[in-house]
Amino acid sequence: MARPEQSFRSLSGMHDLFEPETTRRRALVRVFAERAERAGYGEVRPPVLEELGVFLRMGEATDVVSKEMYEFEDKDGRRVALRPELTAGVVRAFVQHHPPTPWKVWYAGTSFRRERPAAGRYRAFDQIGAEVLGVDDPDLDVEVISLAWSTIAALGLSDVRLIINSLGDQVDRQRYSESVAAYLADHRDELSEAARATAERNPLRVLDTKRPEDRAVVASAPSIAEFRSEASAAHFERVLAGLSSLGIPFGVEERLVRGLDYYRRTTFEIVADSLDAAQNAVGGGGRYDGLAEDLGGPPTDGIGFALGIDRLLLACDAEAVFPAPPTSVDVYVVDTTDGAAARNLVHQLREAGLAADRRYGGGSLKSQMKSADRSGARWAVLIGSDELSAGEVTLRNLRADGEQLRVASSDVRAALLERLHTDREDTTA
RNA sequence: GUGGCCGUAGCUCAGCUAGGUGAGAGCGCCAGGUUGUGGCCCUGGAGGUCGGGGGUUCAAAUCCCCUCGGUCACCCCA
């Protein structure tokens, strides 16, 4: 054991978040929420815990389902699992409540996957995303991709690429998969051992391998383009044309498969080249036209995407964009008397809408001034025995070069409101 | 899950290669210099199970094993 008894640490791959990271994440979600709602999406919050079966449709052969889920039997004897992503839960909610279509929703939340942690890949990770159920129009694919892309752009990221592919409909995908499986079988002895194992479980997954020795084999594998039905191909062309017309740059990548079995037709991924780690996909998504039916609902077209907040922020760090918004109070109250004046004034200022803080436990004027400085407050209100007996306070400007004045206690609030107001006008001018 | 690297003060790290000189630096924190004034500077101080456990040894932060955590590659994916 790495710790003495009675001492605990957070689980591997799960981290505590603090200021300023927490505010930064809140700001990121706000950027996304505003864009999504401007496009007619409403927020949805499915539960973190679902019946295991909900997630099994991601594909029994996928790693996510076969070995990465936190699943267990609850006290009612039900097999349940912590969600490894949100799409399945959202679609389950759609099937359960049958809202009118098109159903356009966005979400922000935490999912869980028991993988080996690495930078940008944690066991508890946050995503933002959107899903639309009930629309087959390729222009919707364009809208959804555009929402993902523009959110990333809004953060200030520029070293990112959109890659896109179409796996064809269910029939196309099946035929293609069989063809790839046959091809891989023919070249079995040229593949790495790991790739051979993957080929038997899930042939398509071999296509986007990163192992150089396998890439050579994969390079001349059959192309999905030859397997797309006329309708699928037409849909894909419409999507690409739509993206072009919106000025969204993309690269068609036929090897883009993505891990979840429910994807049909359009699939896409956004990668951040500023992230040199292997975890450089900041987001991904696609169509899952059969999923609602698989979960017991009516045949319903669906499409969505998720962006990983952790990776998005890592990419922001790499590009030095989207810093945490500064958080600081407006006013810091310094009281060298018994503290009663600070207690009352801070309360009064907060009720008036100002952000005000103080120090508890007293301390010298000097040390309280240091706290005031560190708080980032623009103004310090000083209350000493002089002020107290005169019924006044001293206002000191902490930002400029120490402008200082005394005002009557009854005028503090108004004096501060006025000065903070002009400060703000100065900074926005 | 497989393999590599790392783990010393709140933070970033030196010391480990050839075991033994009182366990260090910078930043941060606290106090004083300035008995009513922050930011700069100076001085002092607090703070460490050297990730944890076991082993080798007269002696281990330094060597060996195990373990926990982080990280990189594979895998997978957000």
Side-chain angles (χ1 to χ4, degrees), chain A residues 1-5 7-15 18 58-59 61-68 84-87 109-129 148 192-195 197-198 201-202 205-206 208-214 256-260 269-272 275-285 305-315 332 334-337 359 363-377 379-388 394-402 404:
Chain A
M1 289 296 108
R3 54 180 147 82
E5 277 180 82
S7 174
F8 298 99
R9 349 176 358 110
S10 57
L11 261 18
S12 174
M14 304 199 182
H15 304 286
F18 308 98
M58 295 164 69
T62 63
D63 282 11
V64 172
V65 166
S66 63
K67 52 189 193 196
E68 294 173 358
E85 52 123 49
L86 275 106
T87 302
T110 305
S111 297
F112 304 84
R113 252 120 99 157
R114 199 186 165 292
E115 303 175 87
R116 180 105 173 223
R121 181 172 72 183
Y122 310 115
R123 289 180 168 187
F125 58 101
D126 294 331
Q127 291 181 323
I128 49 179
S192 69
E193 193 179 331
T198 306
R201 284 202 325 276
N202 200 340
R205 291 237 46 87
V206 180
D208 58 5
T209 179
K210 285 175 190 153
R211 274 182 300 268
E213 65 267 36
D214 295 327
L256 176 66
V257 170
R258 301 191 52 73
L260 281 14
E269 203 166 278
I270 298 174
V271 300
L275 262 29
D276 47 356
Q279 278 74 39
N280 67 347
V282 294
F305 69 86
L307 303 178
I309 293 182
D310 307 290
R311 291 184 192 175
L312 239 22
L313 257 18
L314 246 24
Y332 199 93
V334 169
D335 181 354
T336 56
T337 65
R359 188 154 97 187
S364 68
L365 176 62
K366 175 170 175 163
S367 68
Q368 291 198 50
M369 282 301 291
K370 283 177 93 110
S371 297
D373 186 48
R374 274 194 296 260
S375 77
W379 285 88
V381 177
L382 280 59
I383 304 169
S385 45
D386 281 10
E387 286 87 349
L388 205 57
T394 296
L395 263 37
R396 182 176 173 84
N397 189 326
L398 296 173
R399 291 289 179 84
D401 23 342
Q404 192 162 311

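Below, each value reflects all heavy atoms present in this structure, side chains not excepted, and no hydrogens, waters or symmetry copies.
In this structure rC30(B) sits in a base pair with rG44(B), meeting the Watson-Crick or G-U test at under 3.5 Å. Using Watson-Crick or G-U wobble geometry with both donor-acceptor distances under 3.5 Å, rU21(B) finds no partner in any strand shown. With a 3.5 Å ceiling on both atom-pair distances, the Watson-Crick or G-U wobble partner of rG3(B) is rC72(B).
In this structure, D126(A) and D310(A) approach most closely via the heavy-atom pair N-OD2, 3.3 Å. Nearest heavy atoms, S367(A) versus R359(A): OG-NH2, 2.7 Å. Of all heavy-atom pairs between L307(A) and L312(A), the closest is CB-CD2, 3.7 Å. The shortest non-hydrogen separation linking Y332(A) to A377(A) is N-CB, 3.7 Å. For the pair G363(A) and Q368(A), the tightest heavy-atom approach, listed with the atom from each and the gap, is O-NE2, 3.0 Å. Heavy atoms only, all atoms of each residue included: S111(A) and L86(A) are closest at OG-CD1, 3.5 Å.
One cannot find a donor-acceptor pair under 3.5 Å joining the base of rU37(B) and the side-chain atoms of Q368(A). On a pure distance criterion of 3.5 Å, a polar donor-acceptor pair joins the side chain of E387(A) and the base of rG36(B). The base of rC77(B) has none of its N or O atoms less than 3.5 Å from a complementary donor or acceptor on the side chain of R113(A). Judged by distance alone, with hydrogens and angles left aside, D373(A) brings no side-chain donor or acceptor close enough to the base of rG39(B) to form a pair under 3.5 Å. Interface remark: the R396(A) side chain does form a donor-acceptor pair with the rG38(B) base, using a distance-only criterion of under 3.5 Å. Below the 3.5 angstrom threshold, one finds no donor paired with an acceptor across the side chain of R205(A) and the base of rC75(B).
Side-chain nitrogen and oxygen atoms of S12(A) include at least one within less than 4.0 Å of the OP1 or OP2 phosphate oxygen of rG70(B). Between R121(A) and rC75(B) there is no side-chain polar atom (N or O) within less than 4.0 angstrom of OP1 or OP2.
The NZ atom of K370(A) sits 11 Å away from the C1' atom of rC40(B) (whole-angstrom rounding). One interatomic measurement links the two molecules: CG of N202(A) to C1' of rC76(B), which rounds to 12 Å at whole-angstrom precision. Rounded to whole angstrom, the span from the CD atom of Q404(A) across to the C1' atom of rG39(B) amounts to 14 Å. Atom pair K67(A):NZ and rC76(B):P shows a separation of 8 Å (rounding to whole Å applied). Here rG32(B) presents its C1' atom at 15 Å from CG of L365(A), a figure rounded to the nearest Å. Residue L86(A) contributes atom CG, which lies 11 Å from atom C1' of rA78(B) at whole-angstrom precision. Atom P of nucleotide rC77(B) and atom CD of E68(A) are separated by 7 Å, given to the nearest angstrom. One atom, CD of E115(A), and another, P of rC72(B), lie 14 Å apart when rounded to the nearest Å.
The residue among S10(A) and I309(A) whose nearest nucleotide of RNA chain B is located toward the 5' end is S10(A). Each of L382(A) and F125(A) was matched to the nucleotide of RNA chain B holding its nearest heavy atom; the match closer to the 5' end belongs to L382(A).
The P atoms of rG52(B) and rU35(B) are separated by 44 Å, rounded to the nearest whole Å. Atom P of rU34(B) sits at a distance of 12 Å from the matching atom of rG38(B), rounded to the whole Å. Straight-line distance between the C1' atoms of rC11(B) and rG22(B): roughly 26 Å, to the nearest whole Å. Nucleotides rA25(B) and rG15(B) have their C1' atoms positioned 11 Å apart, rounded to a whole Å. Look at the C1' atom in both rG53(B) and rA61(B): the space between them is 16 Å, to the nearest Å. Remark: the separation of the C1' atoms in rU2(B) and rA60(B) is 32 Å, to the nearest Å. Taking atom P in both rU43(B) and rC64(B), the straight-line distance is 41 Å, to the nearest Å. Remark: the separation of the P atoms in rG51(B) and rU57(B) is 23 Å, to the nearest Å.
A side chain to side chain contact (heavy atoms under 4.5 Å, CB included) with F125(A) is found for exactly one of Q127(A), R123(A), R121(A), namely Q127(A).
The shortest distance between side-chain heavy atoms of W379(A) and L398(A) does not fall below 4.5 Å. Between V271(A) and V282(A) there is no side-chain heavy-atom pair separated by less than 4.5 Å. In this structure, the side chains of P84(A) and M58(A) come closer than 4.5 Å at one or more pairs of heavy atoms. Side-chain contact between M369(A) and L382(A) is present, with at least one heavy-atom pair separated by less than 4.5 Å.
Here A119(A) lies in heavy-atom contact (under 4.0 Å) with sugar-phosphate atoms only. Residue G13(A) is in sugar-phosphate contact alone, with no base atom involved, counting any heavy-atom pair closer than 4.0 Å across all strands shown. Looking at heavy-atom distances under 4.0 Å, S367(A) makes contact with sugar-phosphate atoms alone, never a base. Residue contacts shown for T209(A) are limited to sugar-phosphate atoms, with no base heavy atom under 4.0 Å away. Within 4.0 Å of G129(A), counting heavy atoms only, lies no atom of the nucleic acid at all.
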Check nucleotides 45-48 of chain B for protein N or O atoms closer than 3.5 Å to its own N or O atoms and list the pairs.
none

Write down the protein N/O and nucleotide N/O pairs, taken from nucleotides 5-9 of chain B, whose separation is under 3.5 Å; answer none if there are no such pairs.
none

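Checked against rC29(B), rG38(B), rU71(B), the side chain of K366(A) finds its nearest nucleotide in rG38(B). Taking only side-chain atoms of R114(A), from C-beta outward, the nucleotide of rA78(B), rU71(B), rG1(B) with the closest atom is rG1(B).
Formation of a donor-acceptor pair under 3.5 Å by the R311(A) side chain with backbone atoms of G120(A) is found in this model.
Interatomic distance, N280(A) CG to I270(A) CD1, rounded to the nearest 0.5 Å: 12.0 Å.
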